[in-house]
Novice: 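Here's a structure for you.
Below, read A as the first sequence line, B as the second, and so on, with proteins coming before strands; counting in each chain starts at 1.
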There are 2 protein chains.
Amino acid sequence: MLRLLSLLQSRREWSGHELADRLGVTERTVRRDVERLRSLDYPVTGTTGTAGGYRLGSGTHLPPLQLDDDEAIAVALGLVGAAGGGVSGMAESSMSALAKLEQVLPARLRPQLAAVGSAAEAIPRPGVPQVDPDALAVLARCCRNHEIVAFDYHGRQRGTTRRRVEPHQLLTLSWRWYLLAFDPGRDDWRIFRVDRITSVSPALHRFTPRVLDGPSYLLESFVSAQYEHTVVLTVEASSVDVTSTFEGVVRGIVEPLSPSSCKVRFSADSPAMLLTQVAAIAHLGSFTVDQATPETAALITQTGERLTQAFAGFR
Amino acid sequence: MLRLLSLLQSRREWSGHELADRLGVTERTVRRDVERLRSLDYPVTGTTGTAGGYRLGSGTHLPPLQLDDDEAIAVALGLVGAAGGGVSGMAESSMSALAKLEQVLPARLRPQLAAVGSAAEAIPRPGVPQVDPDALAVLARCCRNHEIVAFDYHGRQRGTTRRRVEPHQLLTLSWRWYLLAFDPGRDDWRIFRVDRITSVSPALHRFTPRVLDGPSYLLESFVSAQYEHTVVLTVEASSVDVTSTFEGVVRGIVEPLSPSSCKVRFSADSPAMLLTQVAAIAHLGSFTVDQATPETAALITQTGERLTQAFAGFR
DNA sequence: GCTCTTGCGGACACATCTTGTCCTCAAGGC
DNA sequence: GCCTTGAGGACAAGATGTGTCCGCAAGAGC
């Protein structure tokens, strides 16, 4: 039951099936446990229907739960990782937070946290743009409170423009932070890189949130027409092989066509970024190009020639 | 048990008899329940003797976790980021840890943490190898205590081998975790990918730590001869341009030669990995190859031809 | 209207756990 | 020494939690 409580705290909405899965019990038992929590005056609401689920209301103070081993390790690893990059000034903040957390934890967990904190270190990545933590905090608050927010956005093409949007979610993908927001002026969803955002100021106006699935939309948008340059390939390699080369390097969408071939879609806002992605899977097998912008094709053919010529002598 | 906990919170000291009376159970049961609370890390102290009794230690009220704003944001961002990948089972652990920490923070910071926790989300990267958090914890403890540790390592070339090393530091770079250790059998430093490590068991033997700078060694080793395949290029582009394309994709070492040219060194344990790196900077300007293994050159020339041919029709 | 999904809850068998009742031991105060 | 208090092992009986059924209700989408 304590685990159920902590699960309910950790996410806004859970389905009975998910809870049963996480807790390793059947859904019937989950229902019974929820019932018990309700009998103890915990405000657990359940909504029926396709979009149903369980939700823990707020307002009531919960018993002081303790972190378990995995959570302590998660905290330590998270803070160490956060120190590594992406957000400016994070290294000191995370390390001091780690030290303070260590004091508060039950004695059993203290060595765990201390060990990870002292033994682990994140190597900062050169070239990753730094994000202002205060900007992130303000944007997060506006997301949560459904407040319209205004900021300057330094786009690649149109220079700096003042935006006024309905922020919905912050997303992070490989050290970069993105803001998913609805732009009423353009009447469409937009994704902003937080490191290109400055002068954030909440407008103190509320908006009614629109429904959209955050992560999948961001992934979609990476391959959608939002970015100017798109490439679609048919590769003579299994989708598993292609996906496994994605590890840490490539992002795109893979659709298997047959056991030994698949279709891959990339999109980016510059041909140079596409080049890297295409090259990463070009060696897997022969492939054909289904779609590409002229600039991208020109860049890739030119680079392909350069590669061939430059390395020909070393064969 | 929840009633027992709330009773213990409501008064400083209780005798076992009183608690049994209030709860309508026997004293034996009270002792058992107290035992259970202790196993959940609730600091219940019991003193024997005439003036004895049970007392709930600190932790019942808000612990003195006085984080400042930046630290609170660091915790939230770190945990959200950690949920995104690299360590298996991390998503649930970090989210529940975030929820629990929220309960513990001073009221002023609670909205901050909640906002970031609810608004931010990490998009898991497909294909990133998962690391066992317990393995990380054990390795971290051994690093801290200077204990020799043994494990099975599933290397790329030599299959699985049992190693027995002096662990020094855990390093993380772009979602991967590495163990920097000294291998007495080989009398040299080694870097192990933690996701390839299984069956970790501390040997309970101490060693005297050797001096070495962790992060820089790891970076060095990426371009050193430890990896079989190395490429050295001279690029007609400024070192600034080259470094800025490194962002998130490329790792290597850049030495400026002149304002408009520089030398770049890559190393990896497979030619395919080098291909991506080389392609990422090949479009910046013309370049010459100073060094490359035959396999690498063959792969790159072949891929270059493929790229040129496949994209020629889209120019 | 229909169907599908989700939450809700009763009935029952079974395994597990808790509880109560013993017991001994340790520690502190008188 | 004596008493009181907490700590904990052993064991049987009873309570409780769980899984597997079942049907029902409410919301969403077609």
Novice: Whole-Å distance between dA7(D) P and L19(B) CG?
Specialist: 11 Å
Novice: Kindly write out the residues that satisfy side chain to side chain contact (heavy atoms under 4.5 Å, CB included) with S260(A), not counting sequence neighbours, or none if the list is empty.
Specialist: S258(A)
Novice: What string of B, S and - do you get for nucleotides 18-30 of chain C, 5' to 3', when a contact is any protein heavy atom under 4.0 Å?
Specialist: SBBB-----BBS-
Novice: Rounded to whole Å, please give me the gap between CZ in R38(A) and C1' in dG9(C).
Specialist: 11 Å
Novice: Under 4.0 Å, heavy atoms only, any strand: does R55(A) hit a base, just the sugar-phosphate, or nothing?
Specialist: nothing
Novice: I'd like to check the side chain to side chain contact (heavy atoms under 4.5 Å, CB included) partners of A292(A); sequence neighbours left out, ordered by chain and number.
Specialist: V231(A), V289(A), F311(B), F314(B)
Novice: At 10 degrees resolution, what angle do the end axes of the helix from dG1(C)-dC30(D) to dC30(C)-dG1(D) form when each is taken over five base pairs?
Specialist: 60°
Novice: Just how far, in rounded Å, is P of dT5(C) from CH2 of W14(A)?
Specialist: 21 Å
Novice: Got a sec, which residues hit ring-ring contact (aromatic ring centres under 6.0 Å, His included) with F151(B), two or more places apart in sequence or on another chain?
Specialist: F192(B)
Novice: Rounded to whole Å, how long is the line connecting atom CD of E13(B) with atom C1' of dG6(D)?
Specialist: 12 Å
Novice: Would you please name every residue forming a ring-ring contact (aromatic ring centres under 6.0 Å, His included) with H154(B), sequence neighbours left out?
Specialist: none
Novice: Of all residues at least two apart in sequence or in a different chain, which pass the side chain to side chain contact (heavy atoms under 4.5 Å, CB included) check with C143(B)?
Specialist: A119(A), P167(B), L179(B)
Novice: Examine distances only and state if a side-chain atom of Y153(A) and a backbone atom of R193(A) form a donor-acceptor pair shorter than 3.5 Å.
Specialist: yes
Novice: By the salt bridge (Lys or Arg N to Asp or Glu O under 4.0 Å) test, which pairs, at least two apart or in different chains, include something from residues 136-145 of chain B?
Specialist: none
Novice: Please list all pairs meeting salt bridge (Lys or Arg N to Asp or Glu O under 4.0 Å) that have one or both residues in residues 18-30 of chain A, counting only residues at least two apart or in different chains.
Specialist: R11(A)-E18(A), R22(A)-E92(B)
